[in-house]
Amino acid sequence: MTTTLNNYIGISNSPSFRVNVLLDSQSVNILFTWNNKTKRYHATATKTNGTVLFEGIKINPNSVFPINNLMRVNGLYGRFVLYPIDSVLVDTDETLKNWADYYFLVYTVIF
């Protein structure tokens with residue numbers, strides 16, 4: 001039997017903001033910053049003890065980011081996915097910049 005554990009992460013339309021979330025029973029700070037060049041938010045995640053989990057990851061809708069060795073070495077086994085609120089949503093500069101109005105961000109662990 002497969003079990004899925006989802007954490008919803010609050011996002012904002014601010015060009016730069018930080019959230020603190022509990023992932024895999026560990027406190028993690030995630031900094032989100034809008035990048036005008038790529039037209040996407042980028043994320044950097046750091047455990048509260050200062051351990052960097054990933055840095056500058058570009059966030060695209062419906063794509064998994066990251067499940068990488070650095071996260072696994074530091075005890076996180078999930079993945080992040082940005083899902084549209086409406087399944088027929090067409091991505092535009094407006095929807096991607098004001099993503100809190102159009103998407104929700106989930107951290108998922110499958111075990």
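Positions are given from 1, in the same order as the sequence printed here.
- Neither side chain, Thr46 nor Asn29, offers a donor N or O lying under 3.5 Å from an acceptor on the other.
- Between Phe54 and Phe80, the gap from one ring centroid to the other is short of 6.0 Å.
- Between the side chain of Asn35 and the main chain of Arg40, no donor-acceptor pair closer than 3.5 Å is present.
- One hydrophobic cluster holds both Val21 and Tyr41 under the rule that ILVMFWY side chains link at heavy-atom gaps under 4.5 Å.
- Residues Ile30 and Ala43 come closest through the heavy atom pair CG2-CB, 4.1 Å.
- With hydrogens and angles ignored, the 3.5 Å screen pairs a side-chain donor or acceptor of Trp99 with a backbone N or O of Ser12.
- Although no hydrogens or angles enter the test, the distance criterion places no donor-acceptor pair under 3.5 Å between the side chain of Asp24 and the main chain of Gln26.
- Not one N or O on the side chain of Thr108 forms a donor-acceptor pair closer than 3.5 Å with the backbone of Arg79.
- Judged by distance alone, with hydrogens and angles left aside, the side-chain atoms of Asn7 form a donor-acceptor pair with the main-chain N or O of Leu22 at under 3.5 Å.
- Listed by chain and number, the residues in a side chain to side chain donor-acceptor pair (under 3.5 Å) with Asp93 amount to none (sequence neighbours excluded).
- Looking only at distances, no side-chain donor or acceptor of Asn98 sits under 3.5 Å from a matching main-chain atom of Asp101.
- Leu96 and Val90 are not part of a single hydrophobic cluster, where members link through side-chain heavy atoms under 4.5 Å apart.
- When the side chain to side chain donor-acceptor pair (under 3.5 Å) test is applied to Ser27, the partners found at least two apart in sequence or on another chain are Asn20.
- Proximity of a side-chain donor or acceptor of Tyr107 to a complementary backbone N or O of Gly78 within less than 3.5 Å is detected.
- Within the model, atoms OG1 of Thr44 and CG of Leu53 stand 10.5 Å from one another, a figure rounded to the nearest 0.5 Å.
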Q.
Using side-chain contact (heavy atoms from CB on, under 4.5 Å), reason through Phe104 and Tyr8 one step at a time and then give a plain yes or no.
A. CA-CA 7 Å; Phe104 58 94; Tyr8 292 90; 3.7 Å; yes

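- A donor-acceptor pair under 3.5 Å is absent between the side-chain atoms of Asp86 and the main chain of Tyr102, judged by distance alone.
- By the criterion of side-chain heavy atoms lying less than 4.5 angstrom apart, applied directly or through intervening Ile, Leu, Val, Met, Phe, Trp or Tyr residues, Leu31 is not grouped with Ile59; the two fall into different hydrophobic clusters.
- For the pair Lys39/Asp91, no side-chain contact is recorded, criterion being any heavy-atom separation below 4.5 Å from C-beta on.
- For the pair His42 and Ile57, the minimum side-chain heavy-atom distance is 4.5 Å or more.
- Between Phe32 and Phe17, the ring centre distance stays below 6.0 Å.
- Taking both residues in full, the closest heavy atoms of Pro84 and Tyr103 are given as CA-CD2, 3.5 Å, listed atom of the first, atom of the second, then distance.
- Among all heavy-atom pairs drawn from Ala100 and Asn13, the shortest one is N-OD1, 2.8 Å.
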